[in-house]
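Residue numbers start from 1 in every chain, and the chains themselves are labelled A, B, ... in the order their sequence lines are given, proteins ahead of strands. Keep in mind that this is a model prediction, so the values were computed, not measured. Side chains included, hydrogens not; waters and symmetry mates left out as well; all remaining heavy atoms used.
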2 protein chains.
Amino acid sequence: MFSLDQISAFVAVAEELHFGRAAERLNMTQPPLSRQVQKLERAVGARLLERDNRRVALTDAGQAFLAEARRLLALVETASDLARRVEGGAAGTLRLGFTAVSAIRTLGPLLRRMSEELPGVDVILHERVTPAQVDGLLRGELDLGLGRPPFDSLALDSRVVFREPLCAVVPADHRLATADRALTPADFSNEQVISYSPTQARYFHELTVRFLTNVHPRIEQRVQQILTVVLLVAAGRGVALVPASARSLGVQGVVYCDLVDSTEAGPVELHAIWNRESTSPLLHRVLRLFDDPVMPSEHQ
Amino acid sequence: MFSLDQISAFVAVAEELHFGRAAERLNMTQPPLSRQVQKLERAVGARLLERDNRRVALTDAGQAFLAEARRLLALVETASDLARRVEGGAAGTLRLGFTAVSAIRTLGPLLRRMSEELPGVDVILHERVTPAQVDGLLRGELDLGLGRPPFDSLALDSRVVFREPLCAVVPADHRLATADRALTPADFSNEQVISYSPTQARYFHELTVRFLTNVHPRIEQRVQQILTVVLLVAAGRGVALVPASARSLGVQGVVYCDLVDSTEAGPVELHAIWNRESTSPLLHRVLRLFDDPVMPSEHQ
DNA sequence: TCGAGTGATACCTTTTGCGAATCATGTTTT
DNA sequence: AAAACATGATTCGCAAAAGGTATCACTCGA
């Protein structure tokens with residue numbers, strides 16, 4: 001097999017068509033350069049340069065080989081570069097979990113930031129509910145998740161990336177739809193309330209239950225997805241509590257109402273979650289993006 | 001810069017995830033293998049393998065670099081191979097000149113044969129009249145031409161690749177169109193005869209003049225292209241002598257008639273022409289294709 | 001005919017790479 | 001808990017490869 005030095009030597013000679021000048025360009029003397037080219041030709045098994053005592057010319061085989069040689073050298077350059085960029089977190093693949101609603105306010109800006117600041121990074125998206133994300137993070141199938149508490153904070157680390165108020169969603173023709181004030185728990189005392197799966201959407205389940213402590217509404221459904229909740233409300237099956245960003249879902253026939261206690265400090269939190277064990281430089285590079293105020297974090 | 005040995009070493013270790021086994025696969029012992037990988041990491045500037053005293057694993061950077069390394073090794077293989085095939089004439093680019101009519105019977109089969117037997121060869125086609133082909137061959141712009149005599153046979157070598165009879169083409173409503181016999185020179189004694197440029201289509205010019213020796217037809221046009229001749233005949237401007245394969249041009253409103261003297265040994269020859277100086281292995285490989293009887297040579 | 005220019009060769013020195021033995025360290029077994 | 005084992009890293013001596021200097025063989029132009 002030939003060596004890369006031989007390739008460089010050949011390319012230099014092929015470009016200069018002169019052993020002396022090529023040697024100068026390679027910072028070496030002419031005799032070893034001649035030998036390198038000879039060895040290359042022996043290794044390749046084809047005459048690459050036609051050289052009589054007066055001039056040097058490429059053979060057809062040399063012409064074809066020159067193109068391959070250049071690609072080879074280019075690949076050598078890019079390979080090292082790629083490895084360094086991956087090590088620095090500027091390139092690679094991020095497997096990102098997210099919940100359907102987190103996508104509305106957070107995923108879009110995040111992906112836009114990444115394509116601007118880390119253009120070498122590919123993102124593979126996985127839509128999963130939080131428990132499934134946690135599972136994926138622990139198995140190493142995901143690098144980063146966007147989910148809701150609670151999760152195992154021994155194995156997983158996290159930070160809040162978005163906070164927003166809880167609000168109520170009611171059918172457009174509902175009596176609460178026209179209440180021009182923040183709703184209180186008592187407003188729901190005789191309502192059909194659509195709530196969440198205690199296991200698959202535990203966070204919203206608990207938020208709903210906590211808000212409605214001491215009131216005893218009829219809790220009807222047990223669904224996972226916020227979109228499903230809103231659609232059920234639109235279908236007149238009841239009222240529900242959802243994060244404020246659900247407004248952006250664009251479902252027709254429903255009205256969103258503020259809640260008391262939930263207007264100033266948003267109790268609904270979205271967390272970026274990752275495995276504490278992860279040493280991925282890319283992950284930490286991405287996490288740093290959340291430091292920047294351009295990221296819609298901490299604010300609605 | 002790293003070396004190809006280091007790349008091979010890295011790939012082996014990355015695939016085995018074990019220095020001992022990788023060394024065995026590379027027919028070397030473990031210590032130099034460790035050093036090669038260390039040198040590679042230093043050259044690349046990134047940690048590629050995570051190795052504690054019990055196991056070896058690829059880092060993210062190593063994962064990315066492995067893919068590039070494999071491409072690099074594949075390219076090394078193909079580059080040598082390509083150069084050898086070009087040297088043997090099994091790959092490369094053939095710049096082929098041809099005249100418009102030669103294309104009808106010869107060019108198609110030639111290109112089909114080449115794509116079957118020399119699939120690595122690209123053909124660049126140049127439609128030119130014979131003198132322009134000769135010029136291109138002498139300048140080194142063409143590798144092979146398909147043309148008619150005469151040409152400088154000192155600098156150029158040639159062989160006949162196709163031979164066919166001359167025939168007459170007359171308008172469909174012409175009196176000769178219905179003559180159910182081979183025509184003689186005398187049949188043209190009072191005809192308008194369309195003939196060829198003595199310089200640009202000298203071969204057909206001379207064939208026409210020779211056939212009509214002792215007859216004194218009115219010679220009208222002086223055109224280069226056989227297609228033009230046939231179109232002028234179709235337009236009723238006269239009659240003309242053309243090679244038999246002109247039938248395949250598919251021009252409507254004309255009739256082709258055999259000529260005496262021209263039925264058995266075709267006087268119209270198409271030659272493959274090349275520069276005697278050329279050492280191109282590809283050229284000689286292509287010329288060998290004409291030896292094969294499957295090639296429509298010597299026969300109509 | 002001679003000198004300038006070019007690539008190839010001979011010979012020597014320096015660098016690089018390999019292999020045997022050994023070390024350091026973590027894991028498994030007793 | 002200690003010994004045996006497994007595995008990658010290190011050391012050192014020798015051999016192979018690469019580079020440098022001097023020189024040769026040859027061609028071309030004055």
Separation of C/dA8 P from A/Q36 CD (nearest whole Å): 13 Å
Nearest-nucleotide pick for A/T29, side chain only, options being C/dG7, C/dG17, D/dG20: D/dG20
Looking for any heavy atom pair under 4.0 Å, which part of the strands does [X] touch: base, sugar-phosphate only, or nothing?
X     : value
A/R54 : base
A/R35 : base
A/Q30 : base

Basic-acidic side-chain contact under 4.0 Å: B/E117, B/R112: no
Side-chain ion pair, B/E15 and B/R21, N-O less than 4.0 Å: no
Side-chain donor/acceptor contact of A/Q38 with base of C/dA8 under 3.5 Å: no
Phosphate OP1/OP2 of D/dA6: any B/H18 side-chain N/O under 4.0 Å: no
side-chain contact (heavy atoms from CB on, under 4.5 Å) partners for B/P198, two or more places apart: B/H205, B/R222
5'-most by nearest nucleotide on DNA chain D - A/P32 or B/F19: B/F19
Pairs touching residues 57-67 of chain A that satisfy salt bridge (Lys or Arg N to Asp or Glu O under 4.0 Å), sequence neighbours left out: none
